[in-house]
There are 4 protein chains.
Amino acid sequence: MRQLLDAGVEVFAAKGYFAARVDDIVKLAKTSHGTFYLYFSNKEDLFRALAAEVSDEMQTLAESLGPLVPGPAGQESLHEWISRFADLYDRFGPVIRAWTEAEIGSHEFGRLGNDVMVRFTRVLTIRIEQAAPPDLDPTIAALALVAMFERLNYYALAGQVRARRDEIVDTLALVTQRAVFGAGGAADAPRSLR
Amino acid sequence: MRQLLDAGVEVFAAKGYFAARVDDIVKLAKTSHGTFYLYFSNKEDLFRALAAEVSDEMQTLAESLGPLVPGPAGQESLHEWISRFADLYDRFGPVIRAWTEAEIGSHEFGRLGNDVMVRFTRVLTIRIEQAAPPDLDPTIAALALVAMFERLNYYALAGQVRARRDEIVDTLALVTQRAVFGAGGAADAPRSLR
Amino acid sequence: MRQLLDAGVEVFAAKGYFAARVDDIVKLAKTSHGTFYLYFSNKEDLFRALAAEVSDEMQTLAESLGPLVPGPAGQESLHEWISRFADLYDRFGPVIRAWTEAEIGSHEFGRLGNDVMVRFTRVLTIRIEQAAPPDLDPTIAALALVAMFERLNYYALAGQVRARRDEIVDTLALVTQRAVFGAGGAADAPRSLR
Amino acid sequence: MRQLLDAGVEVFAAKGYFAARVDDIVKLAKTSHGTFYLYFSNKEDLFRALAAEVSDEMQTLAESLGPLVPGPAGQESLHEWISRFADLYDRFGPVIRAWTEAEIGSHEFGRLGNDVMVRFTRVLTIRIEQAAPPDLDPTIAALALVAMFERLNYYALAGQVRARRDEIVDTLALVTQRAVFGAGGAADAPRSLR
DNA sequence: TATGAATGAGATTTCATTCAT
DNA sequence: AATGAATGAAATCTCATTCAT
């Protein structure tokens, strides 16, 4: 069963949700069709199990976001959090990708994907409200930033970004910090010492 | 043929690339399977035609981005440009969504999708370089911001965002302006001069 | 489509409902699986179509039963009607057999089969009531006689009866006539002339 | 093993021979697939064992049919015998039903089912010959009456007959008596002497 | 040009049966 | 004796594509 889940991750990663064949999965897991249907009632069922695993890890990560604070300390902790987001995306990105795909036309998956995103957004919204940046709607800004995190990591995973991993995390942390605190709160704060 | 293309947009929007059936498209277009294959050699071919249309419009939009300038004037023109991006997404978002889906496991589509994104990123990269913000890698920042534009509009289109359209555009413009110029260059800067 | 229905009759006859394979039917009809599913959504659907045809013919036959009258004339017309019942059974017996089989565990078919039987029983009940035989419950007697008609023809079709067709019809008519009118009304009435 | 046989009766009753799954049987018997194949070599084998049990009881019942005699006494003993037939059908009807189904396309079962019916028919044939009714072919009449017994009980078991059990037995006995002896020999004859 | 019935390759799914424990 | 996870052959069903009209 673990083998089937693992094979699922790999096949969904390579072919996407729809193009993935049950046959591909069982071949990779070195089992039979019969065994597949012993544990899962169909492809969607296996995917749901995978998605639930991811969803759990995502929830944990979302809740670990601490308060946003200006200056280098805040930048540092934000950097650390985004870095963990990127780690998770590395591991489960293929599933998340397939998820996005499966969402279309499936309310079931739409809700699941939505839940995860909403969780991230909710936490970030609270942190933005606490930081009380001028002129920034906390909810929409949180959505925009979560969208940015997710999509840039997606691009990176898909090999469409020619950049080192830490450069990507740096940039995401910097844009976020600046969006919330303006230049004064971001890493370039030292400039104010000039 | 126009009817087939239009039906294609609708069906791909509703079901995604893989789940869309030729039968759905011809039924919606009120023609026959025979006619479909008269104009397109297969499902992929119709999709490519659709994608090319979108790509053209996207290219035109990308190139219309003017220099990034600090202060209210820059904010204003950025707002206007992002607004047009959102308009385009409203019209072609479904195709772009399906596109992303078809990309997985298809180098053909991967290249197409990549091209469009690269075009946007290239123009924005140049504009960021010209604005020369400290500590911001122009290429990665451009990618991050394009990712944010794309994904937030995607969420909005999918009905996952409870916000007015102009609020979304406002937020995207503000985050972008601040990312490039810091708080001093954003729209709220003038307020400090009051 | 006609070919599929005809092939269906033959395959259901040979193998019964459950053992019949869609593959058997399409091979016999010299078409493809695709064609089968173009006209019918599954095996049950084709069977339903067949059953509806039979049901219609049965209804017509049921309603053609005239009043039961004692003596040779009544015996004659009853004989004629049972003979037509046997003809119908010859033609559609295989479907009726499969029907009986499909009934088990399927309310759908149960109802259909029941309908046909009920129709026969209703008509015969009315005729028995009109003949007003002493001590015979018209409804139950009608059911018993219909059961006998059906089952004996079934046995005959299954090759379990070594008897000429007219001998079978004779016996059924005689038993029916006697059940309703006693010996006095049946074909042996002439005995009373002795 | 007894549990498997009992579970078999229930499952075959509910689903019929073909639709019954070994899994249904072992689940109901609260054992495992392994155990099933320890006692029976396959589904057919279990069914054959069940059928043999039924066949034995049927044989015993068939042989207990005494001579057919006219008048109330004959009517009485016939009534009693048919009543025992109905009892047996109550207990084993489901198996007999499944049997009939399995017969189609299976010579093995065909022979078994045929044997049971033939036994009944043979005994009844002898009794009819002894009663020597005019104009009635003993063999065919016996078949017709056995068909009636079987099928009406089947209908009753399937819940398609709205009648008390003794009304059904009454009617079957009456029709049989009249078929053999005419009205003069049936139970209502004595009434005319009053 | 336009049609749509027909196709069949390939996918999904079921379930009787086996076998290592 | 008993188990039940694993199997795979055989069934069902789908849908992109063709082709005679």
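Letters go in sequence order (proteins before strands), and every chain restarts at 1.
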Options [options], nucleotide nearest the side-chain atoms of [X]:
X: D:Tyr39; options: F:dA2, F:dC13, E:dT13; value: F:dA2
X: D:Arg21; options: F:dT7, F:dT17, E:dA16; value: E:dA16
X: B:Val22; options: E:dT7, F:dT7, F:dT17; value: F:dT17
X: B:His33; options: E:dG4, E:dA11, E:dT1; value: E:dG4
X: B:Ser32; options: E:dT3, E:dT12, F:dA6; value: E:dT3

Taking for each residue the nucleotide of DNA chain E bearing the nearest heavy atom, is the 5' side occupied by C:Leu38 or by A:Ala20?
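The answer here is C:Leu38.
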A:Phe36 or D:Ser41: which one's nearest nucleotide on DNA chain E is closer to the 5' end?
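Residue closer to the 5' terminus by nearest nucleotide: A:Phe36.
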Parallel, tilted or perpendicular for B:Phe47 and B:Phe12, by the 30°/60° rule?
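Rings of B:Phe47 and B:Phe12: perpendicular, as their planes differ by over 60°.
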Along DNA chain F (nearest heavy atom to each residue), the more 5'-positioned of D:Gly34 and B:Lys43
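Whichever sits nearer the 5' end wins; that is D:Gly34.
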Under 4.0 Å from OP1 or OP2 of E:dT3: is there any side-chain N or O of B:Thr35 that close?
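Checking E:dT3 against B:Thr35, a side-chain N or O does come within under 4.0 Å of OP1 or OP2.
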Does A:Tyr37 place a side-chain N or O at less than 4.0 Å from the phosphate oxygens OP1/OP2 of E:dT13?
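Yes, such a contact exists.
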Heavy-atom side-chain contact between [X] and [Y] under 4.5 Å:
X: C:Glu53; Y: C:Leu5; answer: yes
X: D:Asn42; Y: D:Asp45; answer: yes
X: A:Tyr17; Y: A:Lys43; answer: yes

To the nearest Å, how far apart are [X] [atom1] and [N] [atom2]?
X: B:Leu4; N: E:dT1; atom1: CG; atom2: P; value: 14 Å
X: D:Asp45; N: E:dA16; atom1: CG; atom2: P; value: 15 Å
X: B:Glu44; N: F:dA16; atom1: CD; atom2: P; value: 13 Å
X: D:Asp23; N: E:dT13; atom1: CG; atom2: P; value: 18 Å

In whole Å, what separates the P atom of E:dT1 from that of F:dT21?
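Between the two P atoms, the distance is 22 Å.
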